Amino acid sequence: MTSVVGPVQLSDIQEAREYMKGKLQPIPLVQLREHKNIFLKLENLHPIGSFKLRGASNAIRKIPIETLELGICTASAGNFAQGLAWNAKSMGIICNVLVPSHAPLTKVSAVEKLGGIITKVQFDKWWEAIQTHSYEGMKGTFVHPVCEPDVVAGNGTIGLEIVDCIPDISNIIVPYGGGGLICGIAIAAKAHNPNIKVYACEVETACPLKASLQAGQPVDFPYQASFVDGMGGKSILPEMWPMVKSLVTDSIVVSLQEVADAVKLLSEGNHIRAEGAGAATVAAALKGVVGKGKTACIISGGNIDTDKYIQCLQGKVPA
């Protein structure tokens, strides 16, 4: 297993932003309707419908071309896989993807349309690949969706854009899956103002970070799969823990009903289609537990199966 993730500097994030100029479209930051101090970073508007394009693009550019020619692979619930496959297709290389059995059809189909080769396994096997950074028999250079410093730096470009747009931002709420998104954003934001509070957001069925912060060390959590598939896990990745505990203010835990209600609110109020993980940050903001001032919510993605989306719009929690 990889040891502690190496330090990511502001300069790494700035370099990633320069690389992305002209390659990725600018992503807007808009106000949540009827909430003057809550703002939405619409990462669901990327070509793949997720912020993961940032980290994937930055990581793949650092891999030597002779290595890339042998292909790349990853373990992903769908969004990071789309980011890698999107890049692989443009470069004409093979992309193998290990996905958990509960991965949404929307995400799996999107990966396949981009040319990604899918292998489905049970969640425990998939999580083992996330922990060990490998899966026996899968060909290509393994690009970790969380623990690669270049992925963290790519994700951090979101933080730069937030502080550029709202210099006096006080709080940022980020969905927590493995820690690569929140750490990148926090490094960038705190370089601008060390007093900015960066909160993780987790769902009640998968909140190992909250449990670990309370325990003061990484602990396991009895993970339950849900429609909020883009965040959460069984445990904190040990190599991310030192960075996470030094940068994250706290974790806000929301219920499945609160997430479903936030999906509905975003659709009806701002005409935004968000997946569970993306809407969860709005649910967290509406709990009123963050500090005073302006709050940015990361709408991390919009890749939700249509039937589950409809159930949210009907006020139900998708099965």
Side-chain angles (χ1 to χ4, degrees), residues 2-29 39 41-43 46 48 50-65 67-68 72 74 79-80 83-84 86-87 90-91 133 141-200 237-249 294 296 298 300:
T2 300
S3 58
V4 173
V5 175
V8 177
Q9 306 294 336
L10 177 63
S11 59
D12 299 320
I13 300 172
Q14 292 170 328
E15 179 186 321
R17 178 167 66 173
E18 286 302 310
Y19 170 75
M20 292 177 194
K21 283 182 179 178
K23 295 180 178 66
L24 302 185
Q25 64 186 10
I27 297 299
L29 184 64
F39 298 84
K41 185 62 170 167
L42 301 180
E43 294 295 305
H46 282 291
I48 64 165
S50 164
F51 80 93
K52 295 283 191 177
L53 193 55
R54 295 177 185 261
S57 298
N58 195 51
I60 205 169
R61 76 181 177 96
K62 297 292 190 74
I63 301 174
I65 188 64
T67 302
L68 285 176
I72 52 177
T74 193
N79 281 339
F80 187 77
L84 271 192
W86 187 85
N87 280 279
S90 68
M91 302 174 75
H133 300 213
T141 298
F142 190 90
V143 183
H144 200 281
V146 176
C147 300
E148 301 277 355
D150 294 325
V151 169
V152 175
N155 295 338
T157 58
I158 298 171
L160 294 181
E161 292 172 13
I162 290 173
V163 298
D164 282 350
C165 188
I166 308 178
D168 61 339
I169 195 76
S170 297
N171 313 290
I172 303 175
I173 306 178
V174 186
Y176 191 89
L181 176 59
I182 197 168
C183 287
I185 289 174
I187 291 166
K190 289 179 177 291
H192 170 78
N193 177 1
N195 295 320
I196 293 175
K197 295 180 179 179
V198 183
Y199 294 88
L237 297 171
E239 58 267 49
M240 294 299 296
W241 174 245
M243 195 186 306
V244 170
K245 71 177 181 180
S246 68
L247 293 170
V248 176
T249 301
K294 298 174 182 177
I298 309 302
S300 55

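Note that this is a predicted model, so its numbers are computed, not measured. No hydrogens, no waters, no symmetry mates; every other heavy atom, side chains included, goes into these values.
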- Message: Donor-acceptor pair, distance only, cut-off 3.5 Å: does the side chain of Thr67 make one with the backbone of Ile63?
- Response: no
- For the side chain of His46 and the backbone of Ile48, is there at least one donor-acceptor N/O pair under 3.5 Å apart? no
- Note on the structure: Closest heavy-atom pair, Gly180 versus Met240, reported as atoms and distance to 0.1 Å, is N-CE, 3.8 Å
- Any donor-acceptor N/O pair, Asn193 side chain to Ala189 backbone, under 3.5 Å: no
- Note on the structure: Note: Cys147 and His133 closest approach over all heavy atoms is CB-CE1, 3.8 Å
- Item | side-chain contact (heavy atoms from CB on, under 4.5 Å) evaluation trace for Ile13 with Ile187 | CA-CA 9 Å; Ile13 300 172; Ile187 291 166; 3.8 Å; yes
- Item | Side-chain donor/acceptor of Glu15 to backbone N/O of Ser11, under 3.5 Å | no
- Task: Return each pair, listed once, that meets salt bridge (charged side-chain N to carboxylate O under 4.0 Å, His left out) where at least one residue sits in residues 156-166; pairs must be two or more places apart or across chains.
- Result: Arg17-Asp164, Lys41-Glu161, Arg54-Glu161
- Query: How long is the gap from NZ on Lys190 to CG on Asn195, to the nearest 0.5 Å?
  - Reply: 8.0 Å
- Query: Under 3.5 Å, side chain of Asn58 to main-chain N/O of Asp150, donor-acceptor pair present?
  - Reply: yes
- Please say whether the positively charged group of Lys23, taken as NZ for Lys or CZ for Arg, lies over the ring of Tyr19, i.e. under 6.0 angstrom from the six-membered ring centre and within 45 degrees of the axis. yes
- Query: Could you give the distance from CD1 (Ile158) to CG (Leu181), rounded to the nearest 0.5 Å?
  - Reply: 5.0 Å
- Task: Mind listing the closest non-hydrogen atom pair of Val143 and Ala59 along with its distance?
- Result: CG1-CB, 4.0 Å
- What's the spacing between Asn155 CG and Cys183 SG if we round to 0.5 Å? 9.5 Å
- If you round to the nearest 0.5 Å, how far is OG1 of Thr141 from CG of Leu84? 10.5 Å
- Task: Can you measure from CG (Leu29) to CZ (Phe39) and round to the nearest 0.5 angstrom?
- Result: 7.0 Å
- Query: In terms of heavy-atom contacts, does NZ of Lys197 have more than 12 from other residues, nucleotides or ligands at under 6.0 Å?
  - Reply: no
- Look up atom CG in Asp12 and atom OG1 in Thr157, then write down how far apart they are to the nearest 0.5 Å. 12.5 Å
